[in-house]
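Keep in mind that the numbers below use all heavy atoms, side chains included, and drop hydrogens, waters and symmetry copies. In the text below, chain A, chain B and the rest are named by the order of the sequence lines, each starting its count at 1.
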Amino acid sequence: MADLLSYLNPEQRAAVTLPDEPALILAGAGSGKTRVLTTRIAWLIQTGRINPAQVLAVTFTNKAAREMIARLSALLPLNPRGMWIGTFHGLCNRLLRVHCRAAGLPATFQILDIADQLSALKRLLKGLNLDSEKYPPKQLQNFINHAKEEGLRPSKMDVDNPFNRKFVELYEAYEIQCQREGAVDFAELLLRSYELLAREVSLREHYQARFQHILVDEFQDTNRLQYQWLKLLAGSKGAVFAVGDDDQSIYGFRGANVGNMLDFQREFEVRNLIKLEQNYRSHGHILDAANGLIANNAQRLGKNLYTEAGAGEPVRVYRAETDTREANWLGEEIHALIEQGGALDQIALLYRSNAQSRVFEHMLVSQGIPYRVYGGLRFFERQEIKHALAYLRLLDNLDDDTSFLRVVNFPTRGIGARALEQLNDMARLHQCSLAAAVTYVGGKTGANLIAFVQFIEQMRHATQAMSLPEVVEYITQTSGLIPHYETEREGQDRIENLRELVNAAVAFVAENGDELNTPARSIPLAPGATPAAQLPVNESAQISLTAEATDGMTPLSAFLSHASLEAGDNQAQTGQNAVQLMTVHAAKGLEFNAVFITGLEEGLFPHQNSTNDANSLEEERRLMYVAITRAKKRLYLSFAESRMLHGQTRYNVGSRFIDELPTEGLKWLTSKRDSFAQNSMTRSRDENSWGRNWFAKKSTQEVRVAPSALEARQRTAATGFWIGQAVFHTKFGEGTVAALEGNGAEARAQVNFSRHGAKWLALAVAKLQPIDD
DNA sequence: CGTATAGACTTTTTT
DNA sequence: AGTCTATACG
């Protein structure tokens with residue numbers, strides 16, 4: 001036990017060894033938050049206060065959950081799978097799977113991600129013949145998700161104005177549709193399990209008794225419903241150990257409610273409040289900047305970071321005339337850092353919005369600096385993956401209309417819009433799923449539809465005895481997806497991804513194999529046989545003390561849940577030997593030796609939309625605080641006085657956030673000019689179209705300019721190719737390199753082929769031959 | 001049914 | 001500017 005605590009500072013130790021009562025730990029950036037959380041769990045177990053099965057720990061991301069499990073395994077010789085450690089959604093899914101009947105859900109319920117939800121809503125509107133101009137699906141989606149996050153069902157909602165009433169009606173219709181299809185969206189996972197616990201007294205008491213200790217990570221990011229869920233699960237005696245940092249609350253825009261921290265203190269009568277203020281990450285000047293900035297926020301619980309690492313280097317500030325110059329300066333600075341022996345993956349370029357990455361990418365390519373951009377499409381969000389998953393879902397649950405529609409005609413089977421319209425009518429008429437309605441459609445169309453359902457049935461039978469990876473492999477082939485992509489020009493990448501999906505299944509089975517039943521599926525349900533809505537809701541739930549993450553699920557169901565709940569890693573990892581590019585939001589929780597915070601301009605950061613409202617401005621400031629505290633040794637701030645944005649050159653002044661930093665620790669690399677405080681009103685030029693065009697042309701031309709000898713060498717070192725180079729490909733013939741990205745095994749080049757157009761090629765795979773001329 | 005073109009949109013995003 | 005989406009056309 002002494003070992004466990006010996007690496008902790010007094011505050012951390014105090015937090016870890018708190019009595020069995022509600023506690024709030026205000027953990028500043030870099031103060032050892034995860035260490036405290038994991039050590040607390042280990043300490044509770046090691047001192048015999050609880051056994052592992054009584055632990056419930058909640059995080060927001062799968063990555064955080066994985067990290068917690070990994071660190072716990074290092075501290076304790078036990079299997080952490082028996083513990084309930086996971087994301088809110090993951091744990092709710094687990095709860096609902098175990099108690100699906102009590103929750104009124106079919107065992108094979110499918111999880112809708114935001115894209116699935118949106119298409120379900122579009123389908124709903126279409127079916128009701130409603131104008132999607134008048135009722136924008138996105139708006140409806142927000143409305144529904146908001147309502148659910150407030151714990152509101154349609155019956156409990158205000159219908160004072162006609163517009164609202166329509167939305168409530170649609171919300172209700174959507175619920176009925178989801179229930180019929182056995183579909184559950186993200187917010188529903190939470191609300192459903194909340195209602196389950198609220199309604200089923202014995203179930204609730206069981207879990208309350210079991211989870212004597214509930215630990216919550218990133219508490220400042222919880223929304224109303226998550227807070228209520230915790231409160232319900234904790235009951236009157238539960239010791240909730242909440243760790244968070246109000247200064248790092250940057251997800252208010254998607255429902256996170258910092259107010260939960262105050263509510264928690266009040267409603268749980270928190271007597272144990274501990275602040276972790278010693279920072280183990282950054283040097284002094286960086287922390288001074290962070291502290292000085294965040295002191296400008298009025299709504300804070302109050303906290304001041306300190307370090308014993310010394311003042312370190314000053315914070316460097318750079319003013320550029322244009323965004324291109326800002327980027328070029330970055331390039332020079334990065335080269336200097338590399339020469340000083342800095343690792344590439346320890347350099348981060350941060351920006352407020354994704355659109356800003358373009359200029360940097362352009363520069364990094366032309367300078368031959370390897371880089372990696374985070375954000376964008378993730379693995380399980382790719383269309384080919386979603387198609388494959390849709391087939392898999394149909395094996396599990398033919399009533400899943402979202403999946404049915406997604407693949408009924410992909411690859412094409414002569415089932416067009418008209419056929420689906422008829423099918424839709426029949427389904428509505430008979431109150432059943434699309435798959436169950438195929439027999440009601442007559443003629444050739446009906447025959448096609450029946451053939452599709454039979455095709456799925458056939459695949460279901462064929463895969464009966466297969467292992468999960470075999471099923472996935474079988475489906476990608478037999479469904480026609482891979483053959484289809486083989487004929488498509490750009491299909492090679494997609495086929496690669498489908499193969500990767502098989503690998504993902506292999507990995508999934510390897511990780512969860514012990515808890516999974518084999519074969520991949522149990523007895524299938526006939527289409528439309530048991531409408532979930534008619535299942536008895538009050539059936540007393542079976543309680544399992546050893547419920548695992550995949551308990552009660554077939555490997556296929558578990559894998560599908562996994563795919564929905566974990567879209568694939570998108571956060572930066574070290575060891576990639578490339579400069580890391582990401583938004584400030586994406587950088588939360590990470591740290592780098594050198595950090596560049598770019599685009600620090602009024603209107604960009606803080607963002608235009610946030611400058612008029614005090615609360616949003618404070619959130620922007622917290623965002624800046626998060627950005628600053630990512631840096632360990634060196635921090636750069638930069639801004640550009642003119643910037644291409646949305647096809648227009650915009651002129652900006654430096655961000656007010658620069659003015660809010662203590663001047664002692666700042667080192668201006670340029671003259672200080674045009675700051676927000678000095679003359680925010682005087683600068684407001686407009687650009688005529690002439691200037692714009694000239695500017696735009698110039699910057700596009702730059703890409704194609706032949707590289708200088710020095711630059712060419714750097715590029716060759718990174719990828720072996722340079723932009724503008726003539727190349728030969730055995731299949732596509734002659735072409736010119738138009739762009740390069742990544743490095744090593746991941747390096748890709750965009751080549752304009754004279755006969756086959758532009759293509760992205762992986763350099764490790766495609767055998768490109770340089771042509772000397 | 002697939003392709004072409006016009007039109008909308010552009011802060012941040014996990015589950 | 002650039003990208004994705006809806007719709008019209010062959």
Subject >> Heavy-atom protein contacts under 4.0 Å, nucleotides 1-10 of chain B, coded B base, S sugar-phosphate only, - none >> reply: SS-------B
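Distance, Arg622(A) CZ to dT12(B) C1': 13 Å, rounded to whole Å. The CG atom of Leu604(A) sits 10 Å away from the C1' atom of dT11(B) (whole-angstrom rounding). As a whole-Å value, the separation of Phe253(A) CZ from dT14(B) C1' is 9 Å. Distance CE (Met582(A)) to C1' (dT12(B)): 15 Å, rounded to an integer number of Å. dT12(B) atom P lies 11 Å from atom CD of Glu620(A), rounded to whole Å. Look at OH on Tyr351(A): it is 10 Å from P on dT12(B), rounded to the nearest Å. In this entry the distance linking CZ of Arg621(A) with P of dT11(B) reads 21 Å, nearest Å. Rounded to whole angstrom, the span from the CG atom of Asn145(A) across to the C1' atom of dT13(B) amounts to 13 Å.
Taking the ring axis of Tyr171(A) as reference, the NZ or CZ atom of Arg153(A) does not stay both within 45° of it and closer than 6.0 Å to the ring centre.
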Extract from the structure each pairing of a protein N or O with an N or O of nucleotides 6-10 of chain C at less than 3.5 Å, listing the distance.
| residue | atom | partner | partner atom | Å |
| --- | --- | --- | --- | --- |
| dA6(C) | OP1 | Lys122(A) | NZ | 3.3 |

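For the OP1/OP2 pair of dT11(B) and a distance below 4.0 Å, the side-chain nitrogens and oxygens of Arg254(A) include no atom meeting the criterion. Using a 4.0 Å cut-off, some side-chain N or O of Asn354(A) falls inside it from OP1 or OP2 of dT12(B).
Distance from the side chain of Arg358(A) is smallest for dT3(C) among the nucleotides dT3(C), dT13(B), dT15(B). The side chain of His585(A) lies closest to dT13(B), out of dT13(B), dT14(B), dT3(C). For Ser610(A), counting side-chain heavy atoms from C-beta on, the closest listed nucleotide (dT13(B), dT15(B), dT11(B)) is dT11(B).
Side-chain polar atoms of Gln139(A) and Gln141(A) form no donor-acceptor pair below 3.5 angstrom. Looking only at atom types and distance, the side chain of Thr402(A) has no donor-acceptor partner in the side chain of Arg393(A) under 3.5 Å away.
Distance check on atom C1': dT11(B) versus dA6(C) gives 25 Å, rounded to whole Å. Annotation: dC4(C) and dT13(B) have their P atoms spaced 16 Å apart (nearest Å).
Residue Tyr251(A) is classed as a sugar-phosphate contact, given heavy-atom separations below 4.0 Å to backbone atoms only. Contact annotation for Leu623(A): no contact, since no heavy-atom pair falls under 4.0 Å across all strands.
Outside the 6.0 Å centre-distance limit, the rings of His387(A) and Tyr485(A) are not counted as a close aromatic pair. The distance between the ring centers of Phe639(A) and Phe605(A) does not fall below 6.0 angstrom.
Counting only heavy atoms from C-beta outward, the side chains of Thr324(A) and Met644(A) never approach each other to under 4.5 Å.
Between the side chain of Gln226(A) and the backbone N or O of Asn223(A) there is at least one donor-acceptor pair closer than 3.5 Å.
Atom CZ of Arg325(A) is surrounded by 12 or fewer heavy atoms from other residues, nucleotides or ligands within 6.0 Å. Atom CD of Glu175(A) sits in a crowded spot, with more than 12 heavy atoms from other residues, nucleotides or ligands closer than 6.0 Å.
Here Arg254(A) pairs with nothing under the salt bridge (Lys or Arg N to Asp or Glu O under 4.0 Å) rule; sequence neighbours left out.
Where Asn609(A) and His89(A) each meet DNA chain B at their nearest nucleotide, the meeting point lying more 5' is that of Asn609(A).
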